[in-house]
Amino acid sequence: MKIVSFLGKKGGVGKTTNAHATAHGLSMTGIPAAYVLTDQRDLLSDENRVYTIIDGRTVPQLERAIASARQRESNGVFVIDGGGNRGVVDDLLASVSNVVILPFAADDDSVTVVNEEMAHFPAAWALPTNWPTNSKAQTVDAGYLEKLEANYPGRLLPFSPTVHSLRDFVLAQFNGSVLPPAQRYCRVLARLIADLLDSERAGDKAA
Amino acid sequence: MPASKTGGSLKSVFEPAKAEAADAVMQPDQSQPAGRNRRAGGRGVRVSGYLPAEIDEALRDEVIRRTVAEHRSVSFNDVLCSILSDWLRRKEAHENC
């Protein structure tokens with residue numbers, strides 16, 4: 001069982017949405033996945049979802065879930081949603097994660113925060129999320145990506161575009177229907193995460 | 001549906017120091033639920049249905065009164081949650097008598 005965590009102090013950059021999208025995409029590609037909630041929001045029902053939702057809102061719950069999953073030989077993935085503005089919780093989650101993803105959006109605050117966090121988590125990957133699809137806006141925002149790539153070469157993932165229908169994943173009542181653009185988004189993201197997990201596994205073997 | 005689908009024996013997964021620091025942060029803030037709801041953008045608070053005009057007006061007056069008295073931003077939801085919490089406490093106290 002592998003653990004991927006979506007972390008970062010900045011709120012509203014897509015930690016939760018991308019964690020759900022990853023869990024959905026992994027499940028669609030045949031990899032059992034669970035979304036783990038760690039902040040104090042209401043636990044969503046996993047009815048109609050292809051992935052499990054696990055309650056990790058306290059340290060004992062989180063520890064029990066991870067310990068239990070590790071006891072089973074499985075190719076499954078825990079996708080942990082770190083929640084915003086909790087540095088010590090991010091440290092804890094990063095310490096047990098195989099892959100750490102730091103989503104960030106195309107704005108000054110978000111890029112400043114992710115820049116600091118990339119230094120704090122040397123093995124983390126920065127994921128540009130909710131990125132503009134308009135070519136002029138992309139040209140303007142390319143500066144953010146160039147800055148991060150210059151500071152942390154090779155640790156910047158391809159940007160993910162804005163897909164409004166992804167918001168369906170965080171509705172209290174999810175009806176199970178995922179629109180084609182969101183399906184595509186989930187598949188692409190899941191493949192990306194699966195590749196990162198594979199390369200991490202290969203790195204372990206080589207070490 | 002159960003809240004958690006996991007079970008099994010508890011063994012140490014986290015470094016104790018990190019777990020302790022995170023545990024302090026991950027405790028639900030039960031003392032100020034209204035504040036928590038405001039920080040979360042009002043998530044989890046739903047006011048639906050008709051409020052009689054005089055109650056609506058009284059609640060809005062109370063929002064202004066508390067904002068001035070407490071020198072901080074107080075929302076409609078804060079006031080409503082605080083009144084409902086008081087009501088629940090009084091109800092429980094009455095039942096225990």
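Residue numbering restarts at 1 for every chain, and letters A, B, ... go by the order of the sequence lines.
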Flag yes if more than 12 heavy atoms outside Gln173(A) fall under 6.0 Å of its CD atom; otherwise flag no.
no
Side chain / backbone / both / neither for Val89(A) at chain B, heavy atoms under 4.5 Å:
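For Val89(A), backbone and side chain are both near chain B.
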Closest non-hydrogen atom pair, [X] against [Y]:
X: Ala22(B); Y: Leu92(A); answer: CB-CD2, 3.5 Å
X: Val88(A); Y: Val25(B); answer: CG2-CG2, 3.2 Å
X: Met26(B); Y: Thr38(A); answer: CE-O, 3.5 Å

Got a list of side-chain donor-acceptor pairs under 3.5 Å for residues 116-129 of chain A, not counting sequence neighbours?
| unit_1 | atom_1 | unit_2 | atom_2 | d |
| --- | --- | --- | --- | --- |
| Glu117(A) | OE2 | Lys9(A) | N | 2.7 |
| His120(A) | NE2 | Asp91(A) | OD1 | 2.8 |
| Thr129(A) | OG1 | Val13(A) | O | 2.4 |
| Thr129(A) | OG1 | Phe104(A) | O | 3.3 |

Could you name each residue pair satisfying ring pair (Phe, Tyr, Trp, His ring centres under 6.0 Å) that touches residues 34-66 of chain A, not counting sequence neighbours?
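Residue pairs with at least one partner in residues 34-66 of chain A: His20(A)-Tyr35(A), His20(A)-Tyr51(A).
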